[in-house]
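Just below is one structure, and these are the notes that go with it.
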Amino acid sequence: MPFPPHIEHVLDHYGIAPDTKAALYDLYLSMGDEVLEVFADVADGVTTASTLTPDDTLTLRHTVVERYLRRNHPQWLDGKPTPSLWHPRAAAGRASGLVLPIENRAGDIARSIVGPSQPLPEGVLVLGRNAHFGGRAETISFDVVAASLSDAIALGQAAGQQHTVPGSAGETSGTLDSERRVALLWEIQPNVYKPAEERNRAIVKVYRKHRNWHVVTLAAAIEWLREKETKTFILRGEALAAAHEVNPNKPVSPTIVEHHNRTVAQVVSAFALSLADPSPDDETVILNATVMNHALRKHAGQNGVRSLMWRIA
């Protein structure tokens, strides 16, 4: 699918090379019109726009993230919803998801897990609706965005996966079938890589304050879904590779699987809940709901739902 005609006309008028246009279009699908505004600023700074290459688009995300946070971070602190950074790909760059600040009731649960001496991320708890990178429909995501705008920008521009709301160290994400009141949580994932040597050196102090993001975001997700009286399933660590269609040459490590399962067990237990194998009725519910991607459905058909997830009971 091409750019909207008026945008296509402008790019052609300035002689933007096809490969550069393709790289720009991919960013436009994910982040919308802001990408074009930033690219226009880049083009204004060169003698001939036709000389711009795909490499010239690589820094666009950093600028888009900073502009996005400067505009929206104050709104979140005031409890006001905003558009999301990431756009559903089905909307072809023309519509964004939604970011909703929500009440943070996860603090006591998280504190009971990490103990009195460990830091908990301070900031605003936000719920993303259709705001996950990749544009899959009906996604929900939970982030704790740093309270300081400068800290949020530092996290948002750091090297990492950056899957959800910029400004958070990590997130818990899933899919919600609102009509059937069924949810599947399929990711507890960092947005930024842990600082190591020169990598993400600039966020060492910020990261330290936010390193327990995984406990807070999962607790927030479970709490919110319980309030909505939603039947909730959560992916087993052993199924992470299937859910994310991971390259077999770069498998999910046993350490990641172990950390995922430990976090799930700790948080669920802190709620005085338990993890149960899906019953035959649960399997029917989950298969009829629109919460699994194609890869998970294929895996479930071959190995059964029990091999993929637990039900939070």
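Just so it is clear, the model here is predicted, and its values are computed rather than measured.
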Would [X] and [Y] pass as an ion pair if we require N to O under 4.0 Å?
X    : Y    : value
R111 : D108 : no
K209 : E122 : no
D277 : R236 : yes
R105 : E103 : yes
R71  : E34  : yes

Is the shortest heavy-atom distance from the side chain of [X] to the side chain of [Y] under 4.5 Å?
X    : Y    : answer
W86  : S96  : no
V192 : Q162 : yes
Y68  : P166 : yes
F142 : W224 : yes

(message) Under the criterion salt bridge (charged side-chain N to carboxylate O under 4.0 Å, His left out), I'd like the reasoning laid out for K205 against D151: C-alpha separation, chi angles, the key distance, then a yes or no.
(response) CA-CA 9 Å; K205 292 182 179 179; D151 285 353; over 6 Å; no
[X] (side chain) donor-acceptor with [Y] (main chain) under 3.5 angstrom:
X    : Y    : value
D143 : V126 : no
H260 : L235 : yes
N130 : H87  : no
Y193 : A159 : no
D177 : R180 : yes
D56  : L52  : no
N212 : V215 : no
S84  : G97  : yes
R129 : I140 : no
H259 : V257 : no

Under 4.5 Å between side-chain heavy atoms, hopping through other hydrophobics if needed: is there a path connecting [X] to [Y]?
X    : Y    : value
L149 : V124 : yes
V291 : L225 : no
I113 : W213 : yes

(request) If the plane angle is over 60° it's perpendicular, under 30° parallel, otherwise tilted; pick one for W186 and H132. (result)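 Rings of W186 and H132: perpendicular, over 60°.
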(request) Mind checking side-chain contact (heavy atoms from CB on, under 4.5 Å) for E258 and listing every partner two or more places apart, or none if nothing turns up? (result)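 Applying side-chain contact (heavy atoms from CB on, under 4.5 Å) to E258 gives R262.
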Does a donor on one side chain and an acceptor on the other come within less than 3.5 Å for [X] and [Y]?
X    : Y    : value
E187 : H244 : yes
N191 : T164 : yes
S150 : S148 : yes
W76  : T82  : yes

(request) Walk me through it: do L11 and F39 pass the test side chain to side chain contact (heavy atoms under 4.5 Å, CB included)? (result) CA-CA 11 Å; L11 295 175; F39 183 73; 4.3 Å; yes
(request) Measure the CD1-CG distance between I234 and N261 for me, rounded to the nearest 0.5 Å. (result)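 Those atoms lie 9.0 Å apart.
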(message) According to salt bridge (Lys or Arg N to Asp or Glu O under 4.0 Å), who are the partners of R311, at least two apart in sequence or on a separate chain?
(response)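 In terms of salt bridge (Lys or Arg N to Asp or Glu O under 4.0 Å), with neighbours along the sequence ignored, R311 is linked to D282.
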(message) Which heavy atom of K21 sits nearest to which heavy atom of I16, and what is that distance?
(response)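 Distance-wise, the nearest heavy atoms are N-CG2, 4.0 Å.
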